[in-house]
Asks: 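Once you've had a glance at the structure underneath, I'll fire off some questions.
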Number of protein chains: 2
Amino acid sequence: MPTMFKKVLNCPLFKGISEQDLPFLLSCLNARTAVFDKGSVVLNAGEIWKTCGIVIEGKTQVFQYDFLGSGSLIATIKPMQLFAEAFSCTGISAPITVEAAEKSEILFLNTSRIHTTCDRNCAFHARLIYNLLHIMALKNVALLQKIECMSQKTTREKLMTFLSMEAMKNQSSEFDIPYDRQGLADYLSVNRSALSVEISRLAKDGLIKCRKNRFKLSENSPRSFD
Amino acid sequence: MPTMFKKVLNCPLFKGISEQDLPFLLSCLNARTAVFDKGSVVLNAGEIWKTCGIVIEGKTQVFQYDFLGSGSLIATIKPMQLFAEAFSCTGISAPITVEAAEKSEILFLNTSRIHTTCDRNCAFHARLIYNLLHIMALKNVALLQKIECMSQKTTREKLMTFLSMEAMKNQSSEFDIPYDRQGLADYLSVNRSALSVEISRLAKDGLIKCRKNRFKLSENSPRSFD
DNA sequence: TTCTTTTTGTTGGATTTCCAACATATTTTT
DNA sequence: AAAAATATGTTGGAAATCCAACAAAAAGAA
């Protein structure tokens with residue numbers, strides 16, 4: 001456990017929390033850890049989930065099973081990332097299943113203990129609430145951006161919308177994207193080969209330059225960010 | 001102002017707050033109201049926004065302007081609904097523009113005052129934080145559901161995913177949807193006429209029954225909820 | 001009611017995407 | 001360095017979507 005303390009301080013949820021406060025805080029949040037073998041189920045769809053999870057070590061994957069029973073990968077949760085925080089806040093039954101993609105150690109926190117100020121009225125509690133709000137707000141923005149990309153009509157527009165956003169984030173017309181081709185295709189919800197075709201076409205039309213994961217929007221592109 | 005007090009108590013953000021506490025709370029949150037004429041801009045894209053807004057009366061619309069400068073409607077905000085709460089929590093510059101669709105009265109609240117416990121350590125503050133977390137979590141879930149629908153490959157799958165979710169929410173295989181055909185087409189990001197075709201086809205195939213906005217999933221449909 | 005306006009359904013052709021199959025390039029392993 | 005594995009680019013036909021135009025139905029106004 002103590003070895004885990006130092007790691008967990010890097011989690012955005014505990015940003016600004018000092019190392020000596022952490023043990024109190026974790027007991028306050030009813031924290032418990034568990035280790036899951038590769039392929040085992042961490043959270044089953046349909047359950048009412050009162051805790052959020054933080055991946056300490058390993059990797060878990062979030063699946064959504066549709067009405068036909070076939071599952072699609074929604075997200076991959078890496079160390080220090082949260083999952084199920086939204087569902088545990090709403091009290092609805094989880095529409096997702098979480099599985100360990102490899103042997104993983106998970107830290108579970110009672111979500112309601114985060115926003116319920118405890119008797120001890122600890123100072124770090126306010127910071128924790130701020131952090132959780134911040135994380136949820138960021139996820140919200142990220143989801144909105146994905147929707148904005150996906151709702152474009154053509155693959156070309158989806159791609160340009162995505163690249164414009166990335167340029168904006170990086171404050172530069174030249175930047176690396178965090179996906180490989182298949183990953184980007186999944187994110188934009190288009191066919192991989194169709195995506196490759198469109199990247200080539202945009203390059204041929206002089207709107208972008210692209211080498212591997214590095215893109216550059218041309219100056220004559222509708223908006224540039226130099 | 002006092003006439004507005006009673007109305008605002010119905011806003012989910014103030015759920016559980018008593019009428020006599022409200023004035024203190026509003027001053028705590030640096031509340032101010034403003035009236036916007038039809039067509040005027042409430043919030044301009046690019047600004048760093050420190051407040052969230054609540055529509056008291058009227059209607060506002062949220063637009064997202066893409067890299068070509070053409071805007072698409074993201075959401076319509078009706079009385080007692082919040083907007084810009086996610087952006088004001090993150091501190092990023094707003095990627096959206098909010099306009100008054102009709103003459104509207106807006107209540108602005110300093111978001112940071114919500115999660116920063118004030119000196120007075122007021123009891124209702126905890127409730128407010130809980131409410132804000134709940135609202136953001138619900139939005140998060142709603143966005144995830146929209147993404148799940150949109151990421152289906154075919155119009156038929158998009159539609160069935162949406163209808164299954166609605167059936168789940170209503171705990172029944174028969175339910176009303178909150179969109180007309182054009183609205184549903186926009187939500188799923190498909191062509192309206194293609195949507196109509198698919199609804200007819202699903203009905204012909206016996207998977208659903210549909211009359212106006214009322215749908216019924218058939219018993220032989222992959223999942224039913226009776 | 002009748003007329004007008006709005007919403008929804010239907011059709012066919014143009015356009016776009018998907019998909020499988022394969023070529024080429026890049027990375028990793030031996 | 002060679003071989004294997006993985007990632008990316010390219011092609012053409014099949015399938016799905018878009019789109020405009022119009023028909024039918026429903027809702028609202030006169």
Side-chain angles (χ1 to χ4, degrees), chain A residues 59 66 68 70 72-73 76 101-102 146-163 166 175-216, chain B residues 59 66 68 70 72-73 76 101-102 146-163 166 175-216:
Chain A
K59 192 167 75 179
D66 63 20
L68 287 171
S70 74
S72 68
L73 177 65
T76 300
E102 46 190 69
K146 183 175 160 77
I147 287 174
E148 174 63 13
C149 290
M150 284 176 65
S151 62
Q152 300 298 316
K153 276 191 285 292
T154 65
T155 301
R156 168 177 282 231
E157 286 169 331
K158 287 177 178 140
L159 189 49
M160 283 305 288
T161 300
F162 171 76
L163 292 176
E166 288 296 306
F175 49 88
D176 289 307
I177 66 168
Y179 302 111
D180 62 10
R181 291 291 183 274
Q182 184 63 60
L184 182 55
D186 289 344
Y187 179 84
L188 298 176
S189 215
V190 297
N191 182 272
R192 181 197 60 79
S193 59
L195 175 67
S196 276
V197 168
E198 206 50 59
I199 290 175
S200 306
R201 202 176 293 166
L202 280 169
K204 198 178 295 173
D205 293 349
L207 287 172
I208 65 171
K209 283 178 181 165
C210 164
R211 182 180 145 67
K212 284 203 47 186
N213 293 1
R214 188 159 196 82
F215 285 78
K216 180 171 164 53
Chain B
K59 191 167 77 177
D66 64 18
L68 288 170
S70 74
S72 69
L73 177 65
T76 300
E102 46 190 70
K146 183 175 159 78
I147 287 174
E148 176 63 13
C149 290
M150 285 176 65
S151 62
Q152 301 298 316
K153 276 191 285 291
T154 65
T155 301
R156 167 178 283 232
E157 286 169 331
K158 286 176 180 143
L159 188 50
M160 283 306 287
T161 301
F162 171 75
L163 292 176
E166 288 297 305
F175 49 88
D176 289 306
I177 65 169
Y179 302 111
D180 61 9
R181 292 290 183 276
Q182 184 62 61
L184 182 55
D186 289 345
Y187 179 85
L188 298 176
S189 216
V190 297
N191 182 272
R192 182 198 59 81
S193 59
L195 176 67
S196 276
V197 168
E198 205 52 57
I199 290 175
S200 306
R201 202 176 294 166
L202 280 169
K204 199 178 294 173
D205 293 350
L207 287 171
I208 65 171
K209 282 179 182 164
C210 164
R211 179 178 148 69
K212 285 203 51 188
N213 293 0
R214 188 160 196 81
F215 285 78
K216 180 170 164 53

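Throughout, protein chains are lettered first and strands after them, A, B, ... in sequence-line order, and every chain is numbered starting at 1.
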Asks: Rounded to whole Å, how long is the line connecting atom CD of A:Glu198 with atom P of C:dT16?
Replies: 9 Å
Asks: Starting at CG of B:Leu188 and ending at P of D:dC18, how long is that distance when rounded to a whole Å?
Replies: 11 Å
Asks: Is NZ or CZ of B:Lys209 both nearer than 6.0 Å to the six-membered ring centre of B:Phe215 and within 45° of the ring axis?
Replies: no
Asks: Expressed in angstrom and rounded to an integer, what is the separation of A:Lys204 atom NZ from D:dG9 atom C1'?
Replies: 11 Å
Asks: May I ask you to evaluate whether A:Thr155 reaches the phosphate of C:dT17, defined as a side-chain N or O under 4.0 Å from OP1 or OP2?
Replies: yes
Asks: Check every atom of D:dG9, C:dT10, D:dC19 against the side chain of A:Ser196 and return the nucleotide holding the closest atom.
Replies: D:dG9
Asks: Would A:Arg211 and A:Asp176 satisfy salt bridge (charged side-chain N to carboxylate O under 4.0 Å, His left out), going step by step from the backbone distance to the final call?
Replies: CA-CA 10 Å; A:Arg211 182 180 145 67; A:Asp176 289 307; over 6 Å; no
Asks: Just how far, in rounded Å, is P of D:dA16 from CD of B:Gln152?
Replies: 15 Å
Asks: For B:Asp186 and C:dT8, what is the distance between atoms CG and C1' respectively, to the nearest whole Å?
Replies: 15 Å
Asks: Supply the atom-to-atom distance B:Leu184 CG to B:Lys158 NZ, rounded to the nearest 0.5 angstrom.
Replies: 11.5 Å
Asks: So what does A:Thr154 touch, heavy atoms closer than 4.0 Å: a base, only the sugar-phosphate, or nothing?
Replies: sugar-phosphate
Asks: Taking CG from A:Leu195 and P from C:dT16, how many angstroms apart are they, rounded to a whole number?
Replies: 17 Å
Asks: Using heavy-atom distances to pick each residue's nearest nucleotide on DNA chain C, tell me which of B:Val197 and B:Gly183 is more 5'.
Replies: B:Gly183
Asks: Apply the test salt bridge (charged side-chain N to carboxylate O under 4.0 Å, His left out) to residues A:Asp180 and A:Arg192: give CA-CA distance (whole Å), side-chain angles for both, the deciding distance (0.1 Å), then the verdict.
Replies: CA-CA 10 Å; A:Asp180 62 10; A:Arg192 181 197 60 79; over 6 Å; no
Asks: Mind listing the closest non-hydrogen atom pair of A:Arg181 and A:Cys210 along with its distance?
Replies: NH2-SG, 3.2 Å
Asks: Tell me which of A:Ser193 and A:Lys153 sits closer to the 5' end of DNA chain D, going by the nucleotide each one is nearest to.
Replies: A:Ser193
Asks: Report yes if at least one side-chain N or O of A:Arg192 is closer than 4.0 Å to OP1 or OP2 of D:dT8; otherwise report no.
Replies: no
Asks: Any idea which of C:dA20, D:dC18, C:dG9 is nearest the B:Ala194 side chain?
Replies: D:dC18
Asks: Does A:Lys212 have a side-chain nitrogen or oxygen under 4.0 Å from the phosphate oxygens OP1 or OP2 of D:dA7?
Replies: no
Asks: Atom CG of B:Asn213 to atom P of C:dT6: distance rounded to whole Å?
Replies: 18 Å
Asks: Between B:Ser200 and C:dT10, does any side-chain N or O lie under 4.0 Å from OP1 or OP2?
Replies: yes
Asks: Tell me what A:Asp180 touches on the nucleic acid: a base, only sugar-phosphate, or nothing, going by heavy atoms under 4.0 Å.
Replies: sugar-phosphate
Asks: Just the rounded figure in Å: distance from C1' of C:dA25 to CZ of A:Arg181.
Replies: 12 Å
Asks: When we call it a touch if two heavy atoms are under 4.0 Å apart, what does B:Val190 touch: a base, just sugar-phosphate, or nothing?
Replies: sugar-phosphate
